[in-house]
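First up is the structure itself, then whatever we jot down about it.
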Amino acid sequence: QVHLVESGGGLVQPGGSLRLSCAASGFTLDRHAIGWFRQAPGKEREKEREGVSCISSSDGSTTVEDSVAGRFTISLDSAKNTVYLQMNSLKPEDTAVYYCGVKLYLDCFDHMPSGAMDYWGEGTLVTVSS
């Protein structure tokens, strides 16, 4: 059974950094798209989750949305079956619940929508505030 668990969220001041983790179990990261999405406060529907970044487990290629390019970096540790999102230079508008999702047997593509994902974790809250 596929299971994703996010961790690493919290309260951080503007300009600060956080590293989110997504631990996967129930499958190996062979050839899948693992993406980070976020859902801002007040948006409750899964389709309102905004894509942040995605990594293809087949070759490590990544995509990143313009809103976080140059500040967020996604990476994969296959030995630990874990995907990370390093977030630097955080802004108040980055405040959201961050979700990890996986699309099995497919590589990432640009602007991958939340509706493409097969499984989700429960999310971790990131609050950027002074």
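The shown structure was predicted, so the numbers you read here are calculated from the model rather than taken from an experiment. Only this structure's heavy atoms are used, side chains among them; waters, hydrogens and symmetry mates stay out.
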Report yes if some heavy atom in the side chain of [X] is under 4.5 Å from a heavy atom in the side chain of [Y]; otherwise report no.
X	Y	result
V97	T124	no
S75	V83	no
S78	S57	no
L90	F72	yes

**CA sep, side-chain torsions, deciding dist, call: D94, R71, side-chain contact (heavy atoms from CB on, under 4.5 Å)** = CA-CA 11 Å; D94 294 319; R71 299 188 297 124; 2.7 Å; yes

**Request:** Please lay out, stage by stage, how E50 and S67 fare under the test side-chain contact (heavy atoms from CB on, under 4.5 Å).
**Result:** CA-CA 10 Å; E50 172 194 7; S67 59; 3.4 Å; yes

**Prompt:** With no hydrogens and no angle check, is any side-chain donor or acceptor of S56 less than 3.5 Å from a backbone partner on C108?
**Reply:** yes

**Main-chain N/O of S25 paired to N81 side chain as donor or acceptor, under 3.5 Å** =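 No, N81 side chain to S25 backbone: no donor-acceptor pair under 3.5 Å.
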
**Message:** Between R31 and D59, does any side-chain N to carboxylate O distance fall below 4.0 Å?
**Reply:**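 Salt bridge absent between R31 and D59.
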
Once rounded to the nearest 0.5 Å, what's the spacing between atom [atom1] of [X] and atom [atom2] of [Y]?
X	Y	atom1	atom2	value
M87	L20	CE	CG	3.5 Å
K103	C54	NZ	SG	11.5 Å
M117	I34	CE	CD1	8.5 Å
Q86	I74	CD	CD1	12.0 Å

**Request:** Only one of I55, V2, L104 passes side-chain contact (heavy atoms from CB on, under 4.5 Å) with H32; say which it is.
**Result:**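 Exactly one candidate clears the test, L104.
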
**Asked** More than 12 non-hydrogen atoms from neighbouring residues, nucleotides or ligands closer than 6.0 Å to CD on E93, yes or no?
**Response**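 Yes.
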
**Request:** Indicate, with yes or no, if the rings of W120 and F37 have centres closer together than 6.0 Å.
**Result:**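 Yes, they do, as the ring centres are separated by less than 6.0 Å.
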
Can you confirm whether the side chains of [X] and [Y] place a donor and an acceptor under 3.5 Å from each other?
X	Y	answer
R19	Y84	no
D77	T82	no
S58	D107	yes

**Asked** Could R38 and Y99 be counted as a cation-pi pair, given that NZ or CZ must be under 6.0 Å from the ring centre and within 45° of the axis?
**Response** no

Minimum heavy-atom distance between [X] and [Y], given as atom pair plus value:
X	Y	value
G9	V126	CA-CG2, 4.1 Å
Y119	L4	O-CD1, 3.7 Å
E6	C100	OE2-N, 2.8 Å

**Item:** side-chain contact (heavy atoms from CB on, under 4.5 Å) between F109 and T63, intermediate numbers included
**Value:** CA-CA 7 Å; F109 54 87; T63 63; over 6 Å; no

**Prompt:** Is there a path from V5 to V102 through hydrophobic residues (I, L, V, M, F, W, Y) whose side chains come within less than 4.5 Å of each other?
**Reply:**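 V5 does not cluster with V102.
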
**Prompt:** What's the verdict on side-chain contact (heavy atoms from CB on, under 4.5 Å) for L85 and T73, showing C-alpha distance, side-chain angles and the deciding distance?
**Reply:** CA-CA 6 Å; L85 184 69; T73 303; over 6 Å; no

